[in-house]
Amino acid sequence: MSLSLTATAETGPKVFGNISVGALNDEKDFEAEAYELEFGIKGVYELETTRVVYQLLMDVADAANADEDIDGEDEIHVREASVAFPTRYGSFVIAPRSVSGHFRNIYGGLRKFEYNEPHAFTPASGGKLFEQPDEGQNVLAYVSPNWNGFQFVGATLQINEDNDEDNDVIAARALYWGDNWNVGIGRVSVDQKVGPPGADDNYNRDSIGFAYNIENLELGGVYEINSDRFGGDDSDVFGLAAKYRFGQGWSTSLGYFDKDYDDDDTGTDDSLIVLNVKKQLEEKVSLWAEVGEYDEGQDNIAVGVNVEF
């Protein structure tokens, strides 16, 4: 889509990013690790009839972690490349690549950990717990206005350009935002043409999640149901997490995640207990240590420093 619009004002561009590095022991070698090396730009154009909000975010952690003698030194991963048009009737989003709003809205109450994150591409679990990705590609989305706390989001994603299907993935979610809590319920439906030959049904992922904050305590939970999985058995996953702030910048987070397959012949049940301790040195600088213990995934001990800008 090519648009020619007359801008009346501009906010930005603003450069931002996050450096998260440390040391990791994950049943392999104990080594220095780049967890996230993100940088990007974002800004807003104020137009006569609407606004244009743009964002570009890249992560070069894979390149930093790659061995010198193998491919990967030039790996620059684009996490976000999006343009949004907020209007009184809602926002319209075009994103060749986007951080998943479905993951952010529904799984947000579990996002209290650094290395053992609650999504499909967490390195330690290898996708053996939650199956919701933290990113999407070729996204066209609509975000409704907020009506007394209620909001609706619908999106289509294209992940295979050669299967004669324009809407490979359809995602929808309903959200409610309270004063110090929120809840969301959603479905992600992957068309059977995306699956292997012979797939008879769409792969559906249903999830419900909540977050609740009271004074120094944060609570969150998610229940995820994966049905008609391509080449695998159906599964249920749930997670609970709590974070408590002690004061003087200290906080600790504790989480428990569990995955059960309906028939363990096609999958391996797994669970995780994860503990994180963090010290906020300044508003954008923090130190942390985290321990993750899995039934099947890789147990790990990670320490790190986060610097935002």
Original post:
How about N306 and I19: do any of their side-chain heavy atoms sit closer than 4.5 Å?
Top reply: no
**OP:** In plain terms, say whether D206 and R187 are close enough for a salt bridge, that is, a side-chain N and a carboxylate O under 4.0 Å apart.
**Re:** yes
Subject >> Chi angles and distances behind the side chain to side chain contact (heavy atoms under 4.5 Å, CB included) call for Y142, S91 >> reply: CA-CA 6 Å; Y142 167 75; S91 297; over 6 Å; no
Subject >> Geometric class of the Y176/F150 ring pair [parallel <30°, tilted 30-60°, perpendicular >60°] >> reply: tilted
Original post:
Is V291 reachable from Y115 through a run of I, L, V, M, F, W or Y residues, each pair having side-chain heavy atoms under 4.5 Å apart?
Top reply: no
Original post:
Given W288 and N276, is the side-chain hydrogen bond (donor to acceptor under 3.5 Å, both in side chains) satisfied, shown in steps?
Top reply: CA-CA 7 Å; W288 56 270; N276 178 285; over 6 Å; no
**OP:** Answer yes or no: is there a side-chain heavy-atom contact under 4.5 Å between I159 and V194?
**Re:** yes
Subject >> Note, K284 side chain near E282 side chain (heavy atom, < 4.5 Å) >> reply: no
Original post:
If you look at every heavy atom in S271 and D295, which pair is closest and at what distance?
Top reply: OG-OD2, 2.8 Å
Original post:
Near F309 CZ, under 6.0 Å, is it more than 12 heavy atoms from other residues, nucleotides or ligands?
Top reply: yes
Subject >> Stepwise side chain to side chain contact (heavy atoms under 4.5 Å, CB included) test for D134 and F121 >> reply: CA-CA 7 Å; D134 64 333; F121 300 124; 3.7 Å; yes
**OP:** Check ring-ring contact (aromatic ring centres under 6.0 Å, His included) between Y244 and all other residues, then give those that pass, not counting sequence neighbours.
**Re:** F246
Original post:
Is any side-chain heavy atom of Q55 less than 4.5 Å from a side-chain heavy atom of V53?
Top reply: no
**OP:** Answer yes or no: does atom NZ of K279 have more than 12 heavy-atom neighbours from other residues, nucleotides or ligands under 6.0 Å?
**Re:** yes
Subject >> Distance, nearest 0.5 Å, that separates CD of E293 from CG of N116 >> reply: 11.0 Å
Subject >> Student check: side-chain heavy atoms of R88 and P145 closer than 4.5 Å >> reply: no
**OP:** Considering only NZ, NE, NH1 and NH2 on the basic side and carboxylate oxygens on the acidic side, decide whether R205 and E131 come within less than 4.0 Å.
**Re:** no
Original post:
Salt bridge between E290 and K278, side-chain N to carboxylate O under 4.0 Å?
Top reply: no
Subject >> Intermediate values then yes/no, side chain to side chain contact (heavy atoms under 4.5 Å, CB included), R173 and I106 >> reply: CA-CA 9 Å; R173 59 189 180 274; I106 296 180; 4.1 Å; yes
Original post:
To the nearest 0.5 Å, what is the distance between CG (L157) and CD (E135)?
Top reply: 11.5 Å
Original post:
Do the non-hydrogen side-chain atoms of D236 and Y223 ever get within less than 4.5 Å of each other?
Top reply: yes
Show me the side-chain donor-acceptor pairs of residues 93-104 shorter than 3.5 Å, one per line, residues at least two apart or across chains.
unit_1, atom_1, unit_2, atom_2, d
R97, NH1, V78, O, 3.0
S100, OG, H102, N, 3.3
S100, OG, F103, N, 3.0
S100, OG, Q132, NE2, 3.4

**OP:** With the side chain counted from C-beta on, respond yes when K243 and L219 share a heavy-atom pair under 4.5 Å apart, and no when they do not.
**Re:** no
**OP:** Return yes when atom CD of E296 has more than 12 non-hydrogen atoms of other residues, nucleotides or ligands closer than 6.0 Å, and no otherwise.
**Re:** yes
Original post:
Heavy atoms, side chains only, cut-off 4.5 Å: are F210 and W181 in contact?
Top reply: no
**OP:** Report the C-alpha distance between V15 and F39 in whole Å, list the side-chain angles of each, state the deciding distance to 0.1 Å, and finish with yes or no for side chain to side chain contact (heavy atoms under 4.5 Å, CB included).
**Re:** CA-CA 7 Å; V15 177; F39 62 94; 5.8 Å; no
Original post:
Sequence neighbours excluded, which residues qualify as ring-ring contact (aromatic ring centres under 6.0 Å, His included) partners of Y203?
Top reply: F230
Original post:
Does a sphere of radius 6.0 Å around CG in D179 hold more than 12 heavy atoms from other residues, nucleotides or ligands, not counting ones at 6.0 Å or beyond?
Top reply: no
**OP:** Tell me, please, whether F16 has K42 positioned over its six-membered ring: NZ or CZ under 6.0 Å from the ring centre and within 45 degrees of its axis?
**Re:** yes
Original post:
Are R245 and E218 within salt-bridge range, i.e. N to O under 4.0 Å?
Top reply: yes
